[in-house]
Amino acid sequence: MKIAPGMIIKTNYSREPYLVVRVEDGCTCPRYIDKISMDDPPPTAPHLHIECTGVDGKGRYYLSHFDGRTLRSLDKTYCGQKSEPDHDRIEVVGQGGPVQMRLF
């Protein structure tokens, strides 16, 4: 399922749901830990950056490095070398109102 503004989502590690405000898809930016640990960090696989609020519209929350097709987080890498699975995932709970999506 494709994530779109207006959807209500939650993660497997959060109690409260989030209202999606903005989605950036296809980003290949390096992981934060690689940015601070390496001079020239490698890009990651294409992933999502999601900006959210609470369902009441309060707060600002950011989710990143989730695969846009599987809604699972990308594998963790350390300085571009060792890789291990990450088990975080996004669950779509519903939508806060009409959601405009594209058919093609």
Keeping the roles fixed (side chain from S37, backbone from I33), state whether a donor-acceptor pair exists under 3.5 Å. yes
Under the criterion side-chain contact (heavy atoms from CB on, under 4.5 Å), I'd like the reasoning laid out for R60 against T53: C-alpha separation, chi angles, the key distance, then a yes or no. CA-CA 5 Å; R60 282 277 182 231; T53 66; 3.0 Å; yes
Non-hydrogen side-chain atoms of P46 and T28 separated by less than 4.5 Å: yes
Are L63 and D88 side-chain neighbours, meaning at least one heavy-atom pair lies under 4.5 Å? no
Gap between atom CD1 of I50 and atom CD1 of I9 - 0.5 Å precision: 4.5 Å
Neighbour count >12 (heavy atoms, 6.0 Å) for atom CZ, R69: no
Side chains of K2 and D25, heavy atoms from C-beta outward: is any pair under 4.5 Å? yes
Around atom CG of D40, are there more than 12 heavy atoms from other residues, nucleotides or ligands closer than 6.0 Å? no
K10 NZ to C52 SG distance, which is reported to the nearest 0.5 Å: 14.0 Å
Using every non-hydrogen atom in the two residues, find where V21 and P5 come nearest and quote the distance to one decimal. O-CB, 3.6 Å
Checking side chain to side chain contact (heavy atoms under 4.5 Å, CB included) against N12, which of R89, R72, H87 comes through? R89
Do you know the tightest heavy-atom contact between P30 and P42? CB-O, 3.3 Å
So, taking the atom named CG in D67 and the one named OG1 in T44, what distance separates them when rounded to the nearest 0.5 Å? 10.5 Å
Do the side chains of T11 and E91 get nearer than 4.5 Å, heavy atoms only? no
Find the distance between CG (L19) and CD (E51) and round it off to the nearest 0.5 Å. 10.5 Å
Do Y18 and V93 come close enough that some side-chain heavy atom pair is under 4.5 Å? no
With a 4.5 Å cut-off on side-chain heavy atoms, are S73 and H47 touching? no
Can you name the closest pair of heavy atoms from H65 and H49 and give their distance? CE1-CE1, 4.3 Å
Flag yes if V20 and Y13 sit in one hydrophobic cluster, no otherwise; membership is Ile, Leu, Val, Met, Phe, Trp, Tyr, and two members link when side-chain heavy atoms are under 4.5 Å apart. yes
Show, in sequence, the C-alpha distance, side-chain angles and deciding distance for L74 and R31, and conclude whether the side-chain contact (heavy atoms from CB on, under 4.5 Å) test is met. CA-CA 10 Å; L74 300 179; R31 289 196 168 271; 3.4 Å; yes
